[in-house]
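The block underneath contains the structure these notes are about, expressed in structure tokens.
Here the structure is a predicted model, which is why all the values come from computation and not from measurement.
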Amino acid sequence: MNVVEALRVPGLEEALSRVELSLAGAISAQDPFLSEVAGHLVGAGGKRLRPALVVAAAQACGVDEARAASVSDDVIQGGVAVELVHLGSLYHDDVMDDAAYRRGVESVNARWGNLVAILAGDFLLARASEIAASLGTEVAALLARTIGQLCEGEVGQLRYAFNPDRPEEAYMTSIGGKTASLMATSARIGGLTACAPRPWIEALTSYGHNVGMAFQIWDDIRDLTSTDGHLGKPAGHDMVEGTYTLPVLRALALDGVGDELRALFSSPLDPPARDKARDLVLSTPAIAASIVEARRWADRAEAALDPIRAGLSNGNAGPDGAGGSRGARLALLGGMGHRLIDELELP
């Protein structure tokens, strides 16, 4: 399921097309080589989840129906800024992971080397900061803070690399920084650029955090349950990299299976060992338990939008029945987490 299918917000595809055009302009540099490197992953595509959240959040709570039905240039630029932050973080992630491929193409570090990849990632973050500054001091400070949270989340993950005793709390803290923080920021920027009331902006921020947590757990489940073709990498690859995610941690906590997994994790995982570890996790209730946890976060995301629902029902929706159509968009936004989980491919 792609982002447009998960959100199902009218007009989202057109808005994301505008984001793509703006992304192409944002990565342009005076040096043609830097432009090529910076645009490498942009051209490879991607889910564009974070710009989609900016647009969907803005549409769900614009102060009037005309503004909600259309998508302003500020909303588009907010979407570009968060996607540039995401892309910059991927360039840096691939250097840390020594990744050879990303989004079905050769990674920047594999093609041009680590130094070029790091500098290109820095360039994308700089461009994101420049766009954020054009949207106002609050957005600029918000994006700067979020970049720091991304770094904290990644450090938290690296701290427990190849450690089967990684506490579940540490996992939650890490994904809160490396994934949920940028999704919370995306939803918040949507509210800010739509000139939403301040309580609604806070509600959207909480929503983004919670749906980001659900999204990362969903993604970690998919690493174990989906096929190599759907993932674009071997299933169970996170274990090879020493990243033990929620389903693996739940399996490690079980008698018997946990000991077998620890024995496997004591040495580098070659493909047969990786597949055996994956089969062990899949043989336990760990996947089902992780789905339950993902749904808890999806429930929280949906509930976080209650202040906006209350505002619409109290007549703060604008003229001409705007609350009805905006309420429908809000329902689509709120249900996104559960729709993703519903589409999980389980063995």
Side-chain angles (χ1 to χ4, degrees), residues 3 6 47 49-54 56-57 81-83 85-90 92-93 96-97 125 128 132 139 141-161 163 165-192 201-224 238 241-250 252-253 286 289-305 333-334 336-338 340-341:
V3 171
K47 294 183 287 286
L49 172 57
R50 291 144 195 89
L53 274 180
V54 174
V82 296
E83 185 65 9
V85 169
H86 177 57
L87 289 168
S89 73
L90 294 183
H92 292 163
D93 287 352
M96 291 187 292
D97 298 338
L125 294 175
V139 175
L142 173 62
L143 210 64
R145 184 165 62 250
T146 304
I147 292 170
Q149 291 170 330
L150 290 173
C151 294
E152 290 183 30
E154 288 293 344
V155 169
Q157 179 169 292
L158 287 171
R159 179 184 174 194
Y160 287 99
N163 186 349
D165 295 318
R166 182 187 194 186
E168 193 170 304
E169 181 181 0
Y171 164 81
M172 293 295 181
T173 300
S174 176
I175 69 171
K178 76 186 194 75
T179 300
S181 65
L182 187 53
M183 292 179 73
T185 291
S186 299
R188 187 176 185 88
I189 288 175
L192 288 168
I201 292 171
E202 300 304 329
L204 286 168
T205 306
S206 178
Y207 162 82
H209 171 80
N210 288 310
V211 83
M213 297 293 286
F215 171 81
Q216 186 59 61
I217 296 171
W218 167 81
D219 201 47
D220 291 341
I221 294 169
R222 285 180 69 245
D223 180 70
L224 294 159
D238 285 347
E241 294 183 338
T243 301
Y244 304 142
T245 58
L246 183 62
V248 177
L249 296 176
R250 293 286 175 95
L252 281 164
S290 299
I291 290 173
V292 170
E293 183 64 24
R295 288 203 184 277
R296 286 196 189 103
W297 288 102
D299 285 339
R300 292 169 187 158
E302 197 159 13
L305 299 175
L333 185 66
M336 173 188 160
H338 282 297
L340 285 173
I341 297 165

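The two residues Tyr171 and Thr245 make their nearest non-hydrogen contact at CE1-CA, 3.8 Å. In plain terms, the two heavy atoms of Ala57 and Leu204 that are nearest each other are CB-CD2, 3.9 Å. The minimum heavy-atom distance linking Val54 with Ser186 is given by the pair CG2-O, 3.2 Å. Nearest approach of Ser290 to Ile217, heavy atoms of both residues: O-CG2, 3.6 Å. Pro247 and Leu224 make their closest contact through CB-CD1, 3.6 Å (heavy atoms, listed as atom of the first residue, atom of the second, distance). Residues Ala298 and Ala214 come closest through the heavy atom pair N-CB, 3.9 Å.
Between the CZ atom in Arg188 and the CD1 atom in Ile201 there is a gap of 6.5 Å [rounded to 0.5 Å]. To the nearest 0.5 angstrom, Trp218 atom CH2 is 10.0 Å from Gln216 atom CD. One distance of note links CD1 of Ile291 with CD1 of Ile221; it measures 5.0 Å at 0.5 Å rounding.
Applying side-chain contact (heavy atoms from CB on, under 4.5 Å) to Met213 and the options Glu293, Arg296, Met172, Met183 leaves one that passes, Met172.
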Q: Take Asp93 and Lys178, measure what side-chain contact (heavy atoms from CB on, under 4.5 Å) needs, and give me the verdict at the end.
A: CA-CA 11 Å; Asp93 287 352; Lys178 76 186 194 75; over 6 Å; no

Q.
What verdict does the side-chain contact (heavy atoms from CB on, under 4.5 Å) test give for Ile341 and Trp297, after you've listed the backbone C-alpha separation in whole Å, the side-chain angles of each residue and the deciding distance to 0.1 Å?
A. CA-CA 11 Å; Ile341 297 165; Trp297 288 102; over 6 Å; no

Q: Apply side-chain contact (heavy atoms from CB on, under 4.5 Å) to the pair Val82 and Leu143, showing each step before the final yes or no.
A: CA-CA 8 Å; Val82 296; Leu143 210 64; 4.3 Å; yes

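Between the Arg166 side chain and the Tyr244 main chain, a donor and an acceptor come within less than 3.5 Å of each other. Ser206 contributes no side-chain N or O that, together with a main-chain N or O of Ala203, makes up a donor-acceptor pair within less than 3.5 Å. Looking at Tyr207, its side chain does come within 3.5 Å of a backbone N or O of Leu333 through a donor-acceptor pair. Put simply, the side chain of Ser174 never gets that close to the backbone of Ala170: no donor and acceptor are under 3.5 Å apart.
Side chains of His209 and Thr205 form no contact here, defined as non-hydrogen atoms less than 4.5 Å apart.
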Without placing hydrogens or testing angles, list every side-chain donor-acceptor pair under 3.5 Å for residues 145-160, not counting sequence neighbours.
| unit_1 | atom_1 | unit_2 | atom_2 | d |
| --- | --- | --- | --- | --- |
| Thr146 | OG1 | Leu142 | O | 2.8 |
| Thr146 | OG1 | Thr185 | OG1 | 2.6 |

